[in-house]
Every structure is written in structure tokens, then in C-alpha cells.
Amino acid sequence: MYSDYKSPFAYLAFDPAFELEKKFRIRLRWIPFQLRVKGKGERSIYSEHKARYSYLDARRWAKSRGLTIRGPLKVYDTTPALIGGLFAEQHGRLLDYSRKVYGLFFRSELEADQPDAIASVIASLGMSADDYRKYLSGEGLAAYDRSQSEAADDHVFGVPLFIFEGEPFWGHDRIPILEERLTEAGLASR
């Protein structure tokens, strides 16, 4: 699953995606992907309409799950948060970390592009903020760059994007179709 913390639809997909591991004999692999979006004034009027609609639609989906989704205050380079996800994953804390980052970000309580803000999230979960900072500029940056190269090889264009046996499934609302493919492949848990 390719994902970015600035995508409301990746947020909506996150927990349901990891529930697939309980329903099917699979291991979901989370891969960070930097979603490239244009800011206000850089998009056509039609893209502006689409962006507004997308947030409206995301809020509709989020409401029944008790999730808050506010539009971002700016276009974020979420590299620090995504590398934080890789760091948390190494410590067995990807789910906790991601849930916290998504929740804070979409309540406009986290600047996902600020390493110190991400270090605070890391520390709040009992991991080392100093180790995260070292990882951010070294091993983590290299792992992040490998993820971006892998995404290019997989022709990733948006998030969330799931790939099963070479077949892409884009969007949180494609999870039921992915479940059909997993069932057809004989991977349903017994």
C-alpha cells in the first residue's frame, strides 16, 4: 500500500487496509509515497473544484467513522512524516504512529513537514526523538528515496494505491474490489 500522510483518502484507507491482514493470509506492506499536489493558484479552476469536492467527499466518508478531516493550510512536503513512518515501522509502531499523525494532521494540529513536530510525535509514543533525527538525515532518507524509486517503477500516481499481483487498486473505496481478488486467489483466512 502506497500512502502519504497528507492524503485524506489514504487516512480513510489506513485502518481498513491493515484489517485485511486479519481477513486474509497476507502481509500488507506500507510504502511511503510523496503525493505531488499543486497549491491554490497553481491549479486550473477545474482542479480547484475537484480539490474542494474531494475534501467534501472525504468528510462524508470520515463522518460515519468519527474521523475529522480539515483541509490543509498549505501544500506540505511530508518527507519528515513519511520517514517518521519508516522509523516507527522499524520499532514495531507504524500503526500507532500513523494513526496519531493522520489524526493530528487532519485536525490541523501537526505540521507534517517539520522534523521537530514529527520528533515530538515519535517521543510521545515512547521512541527516541534523537534517534529519529539521526535516521531522518541518514538511513531513513535513503530508505525513503528507495521507496520513491519503487513507486516510479510501480507507476504510482496517487494514494492510497494497493498493488496485488501487479494489479493496481487506487483509492480507499477500492478495498472491497481488492478483497474480491484476494478471495479469488484463495487467500481468505479459514
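For the atom pair CD1 (I83) and CD1 (I122), the distance works out to 11.0 Å, reported to the nearest 0.5 Å. If you take CG on D4 and CG on L161, they are separated by 13.0 Å, rounding to the nearest 0.5 Å. Between atom CG of residue D131 and atom CD of residue Q90 there is a gap of 10.0 Å, rounded to the nearest 0.5 Å. If you take CZ on R133 and OG on S128, they are separated by 8.5 Å, rounding to the nearest 0.5 Å. Atom CD1 of I163 and atom NE2 of H155 lie 9.0 Å apart (nearest 0.5 Å). Atom CD1 of I69 and atom OG of S54 lie 11.0 Å apart (nearest 0.5 Å).
Take Y102 and apply the ring pair (Phe, Tyr, Trp, His ring centres under 6.0 Å) test, not counting sequence neighbours, and it matches Y5, Y11, F14.
Between the side chain of S7 and the backbone N or O of S3, no donor-acceptor pair lies under 3.5 Å. Although no hydrogens or angles enter the test, the distance criterion places a donor-acceptor pair under 3.5 Å between the side chain of R25 and the main chain of G186. Panel note: side chain R65, backbone L12; a donor-acceptor pair is recorded below 3.5 Å. Side chain of R93 to main chain of A88: no donor-acceptor pair is present (N/O by atom type, distance under 3.5 Å, no hydrogens or angles). Although no hydrogens or angles enter the test, the distance criterion places no donor-acceptor pair under 3.5 Å between the side chain of R174 and the main chain of F169.
Side-chain atoms of Y144 and Q34 include a donor-acceptor pair closer than 3.5 Å. The closest side-chain donor-acceptor pair between S189 and K22, if any, does not fall under 3.5 angstrom. Counted by atom type alone, T79 and D77 present one or more donor-acceptor pairs between their side chains at under 3.5 Å.
F87 has its ring centre less than 6.0 Å from the ring centre of H91. In this structure, F18 has its ring center at least 6.0 angstrom away from the ring center of W30.
Tracing side-chain contacts under 4.5 Å through hydrophobic residues (I, L, V, M, F, W, Y), one reaches L95 starting from M1; they form part of the same cluster. Transitive grouping of hydrophobic side chains (ILVMFWY, heavy atoms separated by less than 4.5 Å) brings L73 and V101 into a common cluster. The hydrophobic cluster containing F33 also contains F157, counting ILVMFWY residues as joined when their side-chain heavy atoms lie under 4.5 angstrom apart, directly or transitively.
Counting heavy atoms from C-beta on, the side chains of T183 and E180 never come closer than 4.5 Å.
Scanning all heavy atoms of the two residues, the minimum distance from W61 to S64 falls at O-OG, 3.5 Å. Considering all non-hydrogen atoms of both residues, P176 and D173 come closest at CD-O, 3.5 Å. Across all their heavy atoms, A129 and A119 have their closest contact at CB-O, 3.6 Å. Contact record, A58 with P8: CB-CB, 3.8 Å, taken as the closest heavy-atom pair. A pairwise comparison of heavy atoms in I175 and P16 identifies CD1-CB, 3.9 Å as the closest pair. For the residue pair P72 and F105, the shortest heavy atom distance occurs at CB-CZ, 4.3 Å.
Ion pairing of K23 with E179 is present here, as a side-chain N (NZ or NE/NH1/NH2) and a carboxylate O approach within less than 4.0 Å.
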* Under the side chain to side chain contact (heavy atoms under 4.5 Å, CB included) rule, what do F24 and L178 come out as? Steps first, then yes or no, please. => CA-CA 11 Å; F24 299 93; L178 174 57; over 6 Å; no
* Would E89 and L86 satisfy side chain to side chain contact (heavy atoms under 4.5 Å, CB included), going step by step from the backbone distance to the final call? -> CA-CA 5 Å; E89 185 174 46; L86 292 168; 4.1 Å; yes
* Could you check L67 against F106 for side chain to side chain contact (heavy atoms under 4.5 Å, CB included), going step by step and ending with a plain yes or no? => CA-CA 9 Å; L67 302 175; F106 284 105; over 6 Å; no
* List the steps, then state whether salt bridge (charged side-chain N to carboxylate O under 4.0 Å, His left out) holds for E167 with R181. => CA-CA 10 Å; E167 184 178 3; R181 294 295 186 280; 3.2 Å; yes
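Between I118 and the options L110, T78, D113, L82, a side-chain contact (heavy atoms from CB on, under 4.5 Å) holds for only L110.
Each salt bridge (Lys or Arg N to Asp or Glu O under 4.0 Å) pair with one or both residues in residues 136-153, not counting sequence neighbours, appears once here: R29-E150.
A cation-pi arrangement is found for K74 relative to Y76, the charged atom lying closer than 6.0 Å to the ring centre and inside a 45° cone about the ring normal.
The aromatic rings of F9 and H172 lie parallel to each other, with less than 30° between the two planes, well short of the 60° mark.
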